[in-house]
Amino acid sequence: MARKADQYRAEDIEILEDLSPILHRPGMYTDPANPNHALVEVIDNASDEGLAGFAKSISVVLHEDGSAAVEDDGRGIPVELHPKKKVPAVQVIFTTLHSGGKFRKTDADAVYRIAGGLHGVGVCVTNALARRLEVEVKRDGALYRLVFADNGKVKEPLKKVKSVGPRETGTRIRFWPDPGYFDSPKIASAEIAALLRAKAMLLPGVRFTLGVERSGKIETTTWHFPEGIRGYFGEAMVEREAVAEPFLGERYIAAQSESDSFAEGEGALWAIAWTPEGEVVAESYVNMIPTRLGGTHVAGLREGVYNAVKSFIDHHAMGQRGLKIVPEDVWSRASYVLAVKMLDPQFKGQVKNELISRDGVKLVGQMVRDPFELWLNQHVDEGKRIAELAIHQALARTRAAQKVERRKASGVAVLPGKLTDCASDDPERNELFIVEGDSAGGSAKQARDKEFQAVLPLKGKPKNTWQDSPESLYSNKEIEAIALAIGVEPHALEGAVDLSGLRYRKIVILADADVDGSHIQVLLLTLFFRHFPKLIEQGNLFVAQPPLFRIDVPSQGKGKPARKLYALDKQELAAMEEKLRDEGVRDGAWTVSRFKGLGEMSPEQLWETTLNPDTRRMLPVRIEDGMFEADRDVFNMMMARENAPARREWMETYGNLVDADIS
């Protein structure tokens with residue numbers, strides 16, 4: 001007999017043991033600056049009960065002793081024994097990684113089908129990094145209590161405290177952060193207030209309250225936006241003078257037949273307005289999780305809005321000869337709030353500050369463009385004011401680029417013959433890809449956006465320049481080509497350096513995702529660290545992350561077309577294959593291909609995975625504050641010819657522990 005969606009029982013908690021991985025590497029699971037993220041994980045669980053339609057009130061209290069409490073009037077976490085673990089389900093959720101009630105995404109009636117929880121890690125992090133954590137659950141006519149202490153150990157087993165009314169349900173969690181795991185043990189109340197205010201907008205039917213205890217008294221603030229995003233955005237824009245009324249919209253896939261690419265319930269809610277000056281509002285959310293660094297959903301909004309405005313400008317013949325409108329011209333003065341619902345979003349890291357799902361661009365772009373085009377043509381006067389603001393931004397950008405060009409015109413720029421340059425003269429927008437090999441260079445030239453992306457292919461592996469003097473660098477033609485292309489002379493970190501000739505805001509190392517590619521990356525990083533350190537200090541250098549594997553997934557019937565997925569490495573491949581199994585795709589149905597090099601990718605694949613600013617993954621190369629000398633010592637040990645014995649000793653001692661990343 002099928003169960004109803006509103007029944008929430010122990011068998012709904014799926015185990016995907018031990019909290020030691022969190023304690024060993026807390027930075028992989030939370031933000032070590034303060035316990036805010038640990039608190040947010042608890043708030044997200046309560047909010048998901050509101051999203052599912054069961055919680056109407058959620059309150060957060062920040063106590064003077066440094067603890068925080070979150071209470072909701074949802075259904076209450078299941079307390080009966082878990083069928084596999086043979087301990088209460090509520091205990092499983094707080095002590096077992098990859099457990100929870102949010103993995104079942106394929107059931108049409110699953111109440112957590114679209115929710116923030118993805119990995120079953122969230123409140124385990126809170127528990128692991130807490131000196132003490134108390135859970136109180138009201139359900140089935142009783143109040144239950146469970147207490148953990150000393151970073152996740154059961155202190156008081158689950159027990160029934162008293163009877164309550166049959167309609168009294170909900171969960172209350174209070175935890176005391178362990179100061180040993182955070183730079184500051186104090187919760188930043190302003191951030192939590194902003195989060196609760198935003199969640200009140202995203203959940204119009206739920207009232208959110210924040211209480212802050214001071215001198216034994218709790219001062220409370222409550223947020224409730226019955227009008228949802230309209231009231232919220234209007235309040236955010238109250239001191240900003242927009243050139244037109246805000247464009248508000250909401251679209252979701254109502255039935256699978258509407259889309260071959262997206263599932264029922266996926267879609268977006270947005271509000272957007274343009275102001276000629278002042279700071280802009282920029283807020284984005286995925287399944288109620290704030291994405292402070294944006295991501296592919298914001299890229300989709302930008303793309304949909306840009307295409308609509310560009311179409312409006314062309315339709316009304318507002319363009320000027322020789323003036324090209326680019327997305328940033330339309331976007332730079334836009335204030336927006338965007339809330340997206342996705343069935344299975346992918347975030348960058350457990351903190352979930354940035355969405356990296358490539359489908360996010362297409363989902364939001366197709367949701368927004370048609371309604372916005374219709375709105376512009378129904379509000380022609382307001383549309384023209386928005387278009388005029390974009391044209392004004394384009395003229396200002398063009399004038400700034402011309403000034404830079406005139407300033408550099410005193411000398412004749414000699415560019416390397418291998419360089420395939422971009423059309424734009426705006427260094428702030430332009431990108432240079434230093435590519436491994438002529439084959440990959442050819443693919444990159446076809447795949448790039450010719451307007452602002454340049455390609456410089458290298459022949460063979462670059463020279464190790466660690467011990468070269470600046471005067472001898474140009475004896476190597478590959479190194480000379482790099483220096484001439486970027487327009488900056490070799491220099492030291494100390495002293496004044498003339499960077500006015502820099503031709504590209506982003507210089508991107510693009511090599512194969514294999515051992516040889518990693519070696520080329522190291523040699524180029526050595527070149528820039530030793531001879532162009534100001535470019536690293538300024539944030540100009542990046543490393544592209546092309547995928548190593550392609551997964552071809554066949555069609556799974558109506559509404560589930562064939563797909564091509566890309567994985568950066570074996571770890572991501574394993575995670576994707578596990579996800580396919582969870583979706584019901586049988587083992588062996590998909591095929592995995594390994595790219596031997598960038599040259600094997602078609603231009604379309606290279607664009608989508610590695611070059612497209614909206615969907616690519618790139619690592620910024622930075623030197624942490626005060627770490628330049630330490631980094632130089634490491635480079636010296638690894639790259640100096642006379643240090644071979646030290647390198648050998650280091651590799652024998654630490655080689656098996658290396659988990660390298662560039663960030």
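A quick note: this is a predicted structure, and the numbers were derived from the prediction, not measured.
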J.: Testing the basics here: between V305 and F372, what is the closest heavy-atom pair and its distance to 0.1 Å?
T.: CG1-CE2, 3.8 Å
J.: With side-chain contact (heavy atoms from CB on, under 4.5 Å) as the test, pick out the partner of L611 among E431, Q453, R616.
T.: Q453
J.: In terms of side-chain geometry, is the basic nitrogen of K199 or D44 positioned less than 4.0 Å from the acidic oxygen of its partner?
T.: yes
J.: Hey, can you tell me if F532 and F528 have their rings parallel, tilted or perpendicular (30° and 60° cut-offs)?
T.: tilted
J.: Using 4.0 Å as the upper bound for N to carboxylate O, is an ion pair formed by E489 and K534?
T.: no
J.: Taking the six-membered ring for Trp, are F312 and H316 parallel (under 30°), tilted (30 to 60°) or perpendicular (over 60°)?
T.: tilted
J.: Any side-chain donor-acceptor pair under 3.5 Å between E451 and S424?
T.: no
J.: I would like to know whether D498 and S500 meet side-chain hydrogen bond (donor to acceptor under 3.5 Å, both in side chains); could you show each step before the answer?
T.: CA-CA 6 Å; D498 182 13; S500 63; 2.7 Å; yes
J.: What's the separation between atom CH2 in W270 and atom OG in S284, rounded to the nearest 0.5 Å?
T.: 15.0 Å
J.: Who pairs with L548 by side-chain contact (heavy atoms from CB on, under 4.5 Å), at least two apart in sequence or on another chain?
T.: A513, R594
J.: Among F208, Y232, F233, which residue satisfies the ring pair (Phe, Tyr, Trp, His ring centres under 6.0 Å) criterion with F225?
T.: Y232
J.: Do any N or O atoms from the side chain of D329 and from the backbone of V326 form a donor-acceptor pair under 3.5 angstrom?
T.: yes
J.: Is it true that K310 and D314 make a salt bridge, defined as a side-chain N closer than 4.0 Å to a carboxylate O?
T.: yes
J.: Any Lys/Arg nitrogen of R505 or D426 sitting under 4.0 Å from an Asp/Glu carboxylate oxygen of the other?
T.: no
J.: Test ring-ring contact (aromatic ring centres under 6.0 Å, His included) on F595 and F549; report intermediate values, then the result.
T.: CA-CA 6 Å; F595 292 112; F549 298 100; 8.8 Å; no
J.: State whether a side-chain donor-acceptor pair under 3.5 Å links T222 with T209.
T.: yes
